[in-house]
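Numbered from 1 within each chain, the chains take letters A, B, ... in sequence-line order.
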Protein chains: 2
Amino acid sequence: MTARHDTVRQGLAAAGTFVSAQDLHARLRAAGHRIGLTTVYRALAAMAGGGEADVLTADGQQVYRACGTGEHHHHLVCRSCGKTVEVSGPAVERWAEAIGGEHGFVDITHTVEVVGTCADCAGQPAPATPRPHG
Amino acid sequence: MTARHDTVRQGLAAAGTFVSAQDLHARLRAAGHRIGLTTVYRALAAMAGGGEADVLTADGQQVYRACGTGEHHHHLVCRSCGKTVEVSGPAVERWAEAIGGEHGFVDITHTVEVVGTCADCAGQPAPATPRPHG
DNA sequence: TTGGGTGCAAATGATTTGCAACATC
DNA sequence: GATGTTGCAAATCATTTGCACCCAA
């Protein structure tokens, strides 16, 4: 709950972008930490559950990212280099609530992900992972 | 490409809500179709790629849903019964573009999912799959 | 000593792939 | 005959679980 979990927490923060559990585990081992894959999974799950990390699914894998504030926000992700910017948009929050209400839904939650090509990568060949509409 | 794929297409349409490949395969077999799981996977992948179906990940599984129009839209999903309403929101589209532009991103795509409890299910115990912020 | 955290190894389960049979042109 | 589809069985691979071990209270 503490020492190891803290290692994971710091490793995730150090990564800066979205990383998979496997990836993070490899990085930690490479950095000399003696930690098991299982523990990384467990720590990440705990962090995600506690709002300390964001999770999303890419290519059938769960990828995690340290979540600074713990407050509600969304992500703008570069499809090429993976760079991520945390953004917030009151307009979207309001829209989601309104749409839900219109259809009689209550207790509305929403997930928004904006993907694009960042300025640095525009003009260079984009490696993969396009994402059609959703 | 045709007979079997059409079986899958129709099966998906008949399902009405999000179903997994495994689930859809089981339904088709139950309905007397002689079709392989592999083919169901391939057909669904093709449909998803061609905009005929929407995909999203739930509980580590990919779930698919027939997508009527092929046009860009989003989903309002009931967390309890899975009922889905297709919604569209110009406001969100504009917001995504604007946010991307502000940060120098181009070729913006976005994914939005609104989850709530529908009128029918409100008041009844919600079985599972909550979804924290994203 | 007691309970929770840890990690190895094995299990699980969705998805993919190799390949041979089959239909269609 | 060539080309593309199908589906079985086996392979793949992320994630989870069983269980023994070890540390801190």
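Atom CE of A/Met47 and atom P of C/dG5 are 16 Å apart (whole Å). Rounded to whole angstrom, the span from the CD atom of A/Gln62 across to the C1' atom of D/dT16 amounts to 13 Å. The CG-C1' distance, from A/Leu37 to C/dC8, rounds to 11 Å in whole Å. Whole-Å rounding puts the B/Asp59 CG to C/dG13 P distance at 14 Å. Rounded to a whole Å, the OH atom of B/Tyr64 is 10 Å from the C1' atom of C/dA14. Remark: C1' of D/dT6 and CD1 of B/Ile35 are 9 Å apart, rounded to the nearest angstrom. In this structure, CZ of B/Arg34 is placed 16 Å from C1' of C/dA21, rounded to the nearest angstrom. Between A/Arg4 atom CZ and D/dC23 atom P there is a gap of 11 Å when expressed in whole angstrom units.
Checking C/dT6, D/dT15, C/dT17 against the side-chain heavy atoms of B/Thr38 singles out C/dT17 as nearest. Listed candidates were C/dC8, D/dA14, D/dG7. Nearest to the side chain of A/Arg29 is C/dC8. Between C/dT6, C/dG7, D/dA14, one nucleotide has an atom nearer to the side chain of A/His5 than all others, and that is C/dT6.
B/Tyr64 has its side chain out of reach of B/Leu24: every pair of non-hydrogen atoms, C-beta onward, lies at least 4.5 Å apart. Counting only heavy atoms from C-beta outward, the side chains of B/His5 and B/Met47 never approach each other to under 4.5 Å. Side chains of A/Val87 and A/Val114 form no contact here, defined as non-hydrogen atoms less than 4.5 Å apart. You'll find the side chain of B/Tyr41 reaches within 4.5 Å of the side chain of B/Gln22, heavy atoms only.
Across all strands, B/Gln22 comes closer than 4.0 Å to base atoms (heavy-atom distances).
Put simply, A/Arg42 has no side-chain N or O that comes within less than 4.0 Å of OP1 or OP2 on C/dG7.
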